[in-house]
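In what follows, residues are counted from 1 in the order of the sequence shown. For the numbers below, each heavy atom of this structure counts, side chains included, while hydrogens, waters and symmetry mates do not.
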Amino acid sequence: MSQSTAASSTEAATTDAETSVPETSADDEAEIDTADLLALDAPQYLRISGEVQLFEQIFAAAGTVTDKTRLGIAESGIAIRAADQQGHSMVDLRVSGSSFNSFDAAKGTLGVDVGRVRDALSIGDAGDLAQFALDAGIAHWKSTSTG
């Protein structure tokens, strides 16, 4: 089991790219795809679990353009908008809460150091369960084996 504290990021980004991570349906997309979502304070609570492979896909997509990103969280899912410093490469990613094994979160924004999250995920295998939780203002990752 490993823990890693996520770092804050104040980088602003607009985005548009393709990825193989499951996105939200058109009905849910409007709820989590707003500029306001990425400008909120940290959520009051957050517990997300899913396969390591899903989290790796999400943060690999963001990591192609930036080391730090903001994760917009709504009750229905997450949104990531990230761009490289020059604004040449961009990612716009929305993942429905139903894509995860469990998803319980309040609306808010978290700054995430993509490399640190990917390092924490690297100790798990594709089928392992990873958990992301917000506890007393500190975000951390846990990878646990399901086998």
Requested in this report: Keeping to residues at least two apart or across chains, list the ring-ring contact (aromatic ring centres under 6.0 Å, His included) pairs with something in residues 77-99.
Outcome: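 Every pair satisfying ring-ring contact (aromatic ring centres under 6.0 Å, His included) with a residue in residues 77-99: there are none.
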
I'd like to know if the side chain of [X] reaches the main chain of [Y], judged simply by a donor and an acceptor atom lying under 3.5 Å from each other, with no hydrogens or angles considered.
| X | Y | answer |
| --- | --- | --- |
| S49 | Q131 | no |
| D128 | V52 | no |
| D113 | G115 | yes |

Of the non-hydrogen atoms in [X] and [Y], which two are nearest, and what is the gap between them?
| X | Y | answer |
| --- | --- | --- |
| N101 | G50 | OD1-CA, 3.8 Å |
| V114 | F59 | CG1-O, 3.3 Å |
| F55 | L121 | CB-CD1, 3.6 Å |
| K107 | E75 | N-OE2, 3.7 Å |
| A61 | V91 | O-CG2, 3.3 Å |

Query raised in the report: Is the count of non-hydrogen atoms from other residues, nucleotides or ligands lying under 6.0 Å from Q44 atom CD greater than 12?
Result: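 Not buried by this count: 12 neighbours or fewer within 6.0 Å.
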
Would you give the length of the straight line joining atom [atom1] of [X] to atom [atom2] of [Y], rounded to the nearest 0.5 angstrom?
| X | Y | atom1 | atom2 | answer |
| --- | --- | --- | --- | --- |
| M90 | D84 | CE | CG | 7.5 Å |
| T109 | I78 | OG1 | CD1 | 12.0 Å |
| I58 | F132 | CD1 | CZ | 10.5 Å |
| I73 | Y45 | CD1 | OH | 11.0 Å |
| L46 | F103 | CG | CZ | 7.0 Å |
| Q85 | T66 | CD | OG1 | 7.0 Å |

Query - Partner residues of D119 under the side-chain contact (heavy atoms from CB on, under 4.5 Å) criterion, sequence neighbours left out - result: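 Once residues adjacent in sequence are excluded, D119 has no partner under the side-chain contact (heavy atoms from CB on, under 4.5 Å) criterion.
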
Query raised in the report: Taking only residues two or more places apart in sequence or in another chain, which ones pass side chain to side chain donor-acceptor pair (under 3.5 Å) with T64?
Result: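 So T64 forms no side chain to side chain donor-acceptor pair (under 3.5 Å) with any residue.
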
